[in-house]
Amino acid sequence: MIILGVHASFTGLTHDSSACLIIDGKLIAAIEEEKLIRIKSASTYFPINAIKSCLRIAKINFKDINFVATDGVSYPSMRTKIKKSLQHYFGFSPKIKIYNHALCHCAGSFFSSGFKNALTVSIDGSGDRISTMVCKVTSNSKIKKIYYADHKKSLGNFYTTFTNFLGFKSVEGEYKLMGMAAYGKVRYDLSNIIYFNKKSGKIITNKDYKNLFDIQNYTSINEPSYAEKFISKKFNITRPKSSKDFKQQHYDLAASVQFQFRQTYLNLINFYIDKTKSEYLCLAGGCALNCLANKDLLKKKLKGIYVMPAASDRGLSVGAAMLFVNELKKEIKKVKTMFLGNSYSASTIEKELKKFGIKYKKLNNRYRDCANELKKGKVIGWFQGRSEFGPRALGARSILANPRIKGMKNKLNSKIKFREKFRPFAPSILDKNFYKFFKKINADLTSMTFTIDIPKKMKKFLPEATHFDNTSRVHLVDKSNISFYYLLNEVQKKTNFGAIINTSFNLSGEPNVETPSDAIRTFYSSGIDLLYLENYKINKYN
């Protein structure tokens with residue numbers, strides 16, 4: 001049985017188009033349209049290129065697909081739009097199953113986790129008019145809905161509005177606000193705008209929640225959604241025109257927004273953990289990528305916590321496909337890796353290098369060579385194997401640097417990524433090094449979905465990858481990520497601690513690189529010193 005999962009963006013209010021393939025219960029391929037068309041979020045795009053990539057990866061034809069699964073059940077024209085699009089590009093359309101947006105989030109997280117049962121929570125802006133859904137999934141894979149909040153009580157929209165007010169784009173700028181929060185103090189009381197009521201078990205909003213938005217004619221995520229006059233007057237704060245205009249009040253506002261988000265988010269999740277006596281927790285929806293709030297969940301005495309690595313809307317294609325497989329009462333295999341995109345052969349890479357007349361060196365041991373260059377302080381473009389599905393670079397399409405060289409964070413922000421100076425960087429750490437400082441943690445840290453407090457003894461190995469508040473969004477590397485594991489083992493030999501800065505291989509405002517050509521262009525458009533395309537090494541200064 002071959003299921004094509006699709007999340008399509010047909011309007012300016014939807015985003016993160018993607019596609020996946022599940023064959024006989026196993027997730028074979030998944031990729032976002034943005035990486036293939038080079039347009040961040042791919043809003044208003046049907047994922048035709050993503051579908052074609054999945055077909056190539058699986059080595060099948062479109063006619064081999066048995067069913068198509070998608071989200072968007074509340075939109076009457078969704079079936080017709082999907083059907084017409086598939087008929088246009090492929091000549092026909094298989095039967096289409098349509099599911100609820102939030103339910104797709106819940107299913108994608110639960111079935112990817114491999115847990116037998118769990119409390120599963122989806123929190124985001126909104127989709128199919130729902131912003132929050134809490135489900136209990138039992139050992140027979142039956143999904144029971146326990147609670148939901150509509151789009152008028154959206155914790156995601158609350159966070160995004162202030163993100164927008166501070167000058168960042170909706171959908172992609174929320175993690176910037178999260179980074180700002182470390183530099184501020186909680187000075188503004190937002191507890192009456194949105195909060196979780198522990199007695200009723202519901203998210204509560206008041207009239208000021210509605211006053212935050214100016215969305216009378218809001219038709220695109222690229223439009224401003226905030227009510228500037230209301231927010232400025234209520235908090236006595238002037239909206240910054242750019243990050244260069246940030247004052248302490250803006251950092252304090254970010255800290256206050258993060259605090260109220262965290263309180264509402266954690267109170268809701270903890271309430272339903274206790275109510276259902278759950279031992280396992282699965283999270284999805286864009287809000288689940290707030291790794292700073294997730295940090296406090298590690299204190300709960302749970303047997304396992306899993307955050308869907310593609311928690312935002314890009315993961316809906318996977319959730320929809322898994323819902324359909326579950327509906328057929330077929331087994332869904334645990335997702336063991338998020339390296340689900342395209343890979344490129346040596347001949348393809350060599351052809352690209354020769355096309356541009358680029359000098360290169362073919363290496364026998366790329367891992368040892370790269371570790372040596374990192375020790376010297378070089379900034380590395382690292383391109384290996386299949387691309388990652390999700391917003392995080394996990395070692396396939398990454399920019400790497402030495403976290404112990406003073407000034408490296410500022411160099412990466414100003415000369416490589418071209419982004420705000422307050423933005424932190426995450427460390428990738430070899431598992432055996434990590435567990436010298438921590439007991440076994442009850443959550444999956446292999447996908448950068450949790451921030452943790454960094455002990456003082458550990459910080460000396462990660463000074464440039466530890467945030468202002470002494471936290472880091474740690475990426476734990478074990479043998480399931482074998483290529484990156486080899487690299488960090490070589491780093492361990494060179495520096496006595498297997499850890500490096502790992503950030504996405506892109507420039508500010510762009511999706512992560514996908515092809516060798518993308519990597520080459522980004523390499524020559526930034527201050528990256530060396531590029532490793534599989535075992536081909538390029539030095540721009542030679």
Pair [X], [Y]: side-chain N/O donor-acceptor within cut-off below 3.5 Å:
| X | Y | answer |
| --- | --- | --- |
| Ser191 | Gln263 | no |
| Asn290 | Gln258 | yes |
| Ser317 | Ser18 | yes |
| Glu223 | Thr219 | yes |
| Asn342 | Glu514 | yes |
| Asp124 | His105 | yes |
| Ser447 | Thr449 | no |
| Arg397 | Asn512 | no |
| Lys142 | Asn326 | no |
| Asn157 | His151 | no |
| Ser126 | Lys152 | no |
| Asn502 | Ser398 | yes |
| Asn164 | Ser225 | yes |

For Thr161, the option from Val257, Asp214, Leu212 that meets side chain to side chain contact (heavy atoms under 4.5 Å, CB included)
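The option that passes is Leu212.
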| task | Step by step, work out the side-chain contact (heavy atoms from CB on, under 4.5 Å) result for Ile193 and Lys234. | result | CA-CA 12 Å; Ile193 294 177; Lys234 182 172 179 63; 4.2 Å; yes
Practice prompt. Would you sort out whether His15 and Ser43 count as a side chain to side chain donor-acceptor pair (under 3.5 Å), showing the intermediate values?
Written response: CA-CA 4 Å; His15 50 88; Ser43 183; over 6 Å; no
Could you state the interatomic distance from [atom1] ([X]) to [atom2] ([Y]), rounded to the nearest 0.5 Å?
| X | Y | atom1 | atom2 | answer |
| --- | --- | --- | --- | --- |
| Lys145 | Ile130 | NZ | CD1 | 6.5 Å |
| Leu289 | Met308 | CG | CE | 10.0 Å |
| Lys97 | Ile82 | NZ | CD1 | 15.0 Å |
| Asn267 | Arg262 | CG | CZ | 9.0 Å |
| Leu394 | Met448 | CG | CE | 6.0 Å |
| Leu21 | Ile28 | CG | CD1 | 8.0 Å |

Taking atom [atom1] of [X] as the centre, does the number of heavy atoms from other residues, nucleotides or ligands within less than 6.0 Å exceed 12?
| X | atom1 | value |
| --- | --- | --- |
| Tyr209 | OH | yes |
| Lys275 | NZ | no |
| Lys136 | NZ | yes |

Less than 4.0 angstrom from a charged side-chain N to a carboxylate O is my criterion; do [X] and [Y] meet it?
| X | Y | result |
| --- | --- | --- |
| Arg239 | Glu228 | no |
| Glu510 | Lys40 | no |
| Glu34 | Arg314 | yes |
| Lys300 | Asp274 | yes |

May I ask you to decide if the ring planes of [X] and [Y] are parallel, tilted or perpendicular, using 30° and 60° as cut-offs?
| X | Y | value |
| --- | --- | --- |
| Tyr159 | Phe261 | perpendicular |
| Phe115 | Tyr306 | perpendicular |
| His250 | Phe246 | tilted |

So, [X] side chain and [Y] main chain: donor-acceptor pair closer than 3.5 Å or not?
| X | Y | answer |
| --- | --- | --- |
| Thr471 | His467 | no |
| Asp128 | Val73 | yes |
| Arg423 | Gly179 | no |

Q | Summary of ring-ring contact (aromatic ring centres under 6.0 Å, His included) pairs that have at least one residue in residues 121-143, sequence neighbours excluded | A |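 Matches after skipping sequence neighbours: none remain.
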query = Do the two ring centres, one from Phe196 and one from Phe271, sit under 6.0 Å apart?
reply =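 They qualify: ring centres under 6.0 Å apart.
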